[in-house]
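Keep in mind that this is a model prediction, so the values were computed, not measured. To find a chain, count down the sequence lines: A is the first, B the second, and so on, and within it residues start at 1.
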There are 2 protein chains.
Amino acid sequence: MAQSLPSKDLTSSQLRILDAARNLFSEHGVGSTSLQMIADAVGVSKAAIYHQYKAKEDIVYAVGEQINMALAIMTSIALQEATLAKRREVLLNQIINLAVENRTIAGRLQQDPHFLKLFREEPPFVDVMAKLENTFIGNSPKPASRAVVAMLITGIAGAVMHPICDDLDNHALRLHLTKAANALIKLL
Amino acid sequence: MAQSLPSKDLTSSQLRILDAARNLFSEHGVGSTSLQMIADAVGVSKAAIYHQYKAKEDIVYAVGEQINMALAIMTSIALQEATLAKRREVLLNQIINLAVENRTIAGRLQQDPHFLKLFREEPPFVDVMAKLENTFIGNSPKPASRAVVAMLITGIAGAVMHPICDDLDNHALRLHLTKAANALIKLL
DNA sequence: GTCTATAGTAAGATAGAC
DNA sequence: GTCTATCTTACTATAGAC
């Protein structure tokens, strides 16, 4: 995920911490990941971590910001397209790409209570998610569309890390997810 | 979820513990839920909890068993149907019902690393999930079906707790999820 | 920026009384 | 079955030297 995420103004020390944290969070959950585990993964002491982020919550926030920024950029790129169909297509392709290239972490981070709290309560995160969802919904705010978009977004993140897909390579997974997602988009 | 879950041979004390634990796990994540929190929610001391379950891991396992048993029963009911289409329909309806009636916990428990470890590594759980998935897949083990089933299963659990669906009542949510799911099933 | 050392707290788990 | 009290361990976080 590291190379596909935008980096704001982060130092290389901070990037190494966030990379390690992201992987540990997805493997053990935020609540079961200690600063000691992050420090060990980076190869430094706990105090060195605290020098960069003065609380564990700040690391969670920073990891969330990376993902949020990626989603914001994808959405703004899609919104440059002229037609609704094209906006949906461009956004879908980018989301599927991001998820497939980060199979081991996409779904878990999306459903982790600590990240959910960010994406549901913190304005910068709520705004990005709303824009992303509305790009799919377009001008058809019928109730059915809400369920379809929810299933689309959580289904993509969940599917890429499902063990039943383990023997699909990235190319095949991308292809089949795109077909499945388009079947849902037709319902919007 | 309590009333819709099968109960094995559990005492009422154990049921109260598992109810509280399930809700706390889904709200905070397993890793961020302490035995003290469970004890407070039940209204007893930590020692009383330990009298029923000698480790936190045992509580996680028992909560997982409840869900696993519900899924196993649903699958076996569906498998009594004569045609593949009917088996899929019956299983889908039951899964959507279970998810919709447990909106606040379905998706989070499905993606929590502690439960994922059970459902991916412990034989009784792995078996139930495989049977459930194969009921959908039927006789078409093409690669595309794997991605579609993964999206179906994770998408339903994810959608019911997505904030975008908060203003849909259970009836509407069930209806729209069924339509969306059927669009995916057509691809199998 | 990184370390060692440590304070302070809360976790999981147990002992033994009632 | 439930309690109080306690043990041990691990956690978050900080202080201060290099």
Heavy-atom neighbours of A:Glu57 CD exceed 12 at 6.0 Å: no

Pairing donors with acceptors under 3.5 angstrom, does anything connect the side chains of B:His114 and A:Ser32? yes

Treating B:Arg87 as the side-chain partner and B:Leu79 as the backbone partner, does any N or O pair qualify as donor plus acceptor under 3.5 Å? no

Nucleotide-resolved protein contact map, nucleotides 4-15 of chain C, B/S/- at heavy-atom distance under 4.0 Å: B------SBBBB

Would you please say whether a donor-acceptor pair under 3.5 Å links the side chains of B:Asn170 and B:Arg103? yes

State, without any angle test, whether A:Asp40 and A:Gln36 hold a side-chain donor-acceptor pair at a distance under 3.5 Å. yes

Which of these passes side chain to side chain contact (heavy atoms under 4.5 Å, CB included) with B:Ile17: B:Val44, B:Val42, B:Leu10? B:Val42

What's the spacing between A:Leu152 CG and A:Leu184 CG if we round to 0.5 Å? 5.5 Å

On DNA chain D, which is the earliest and which the latest nucleotide, 5' to 3', with an atom closer than 4.0 Å to a heavy atom of chain B? D:dG1 to D:dT4

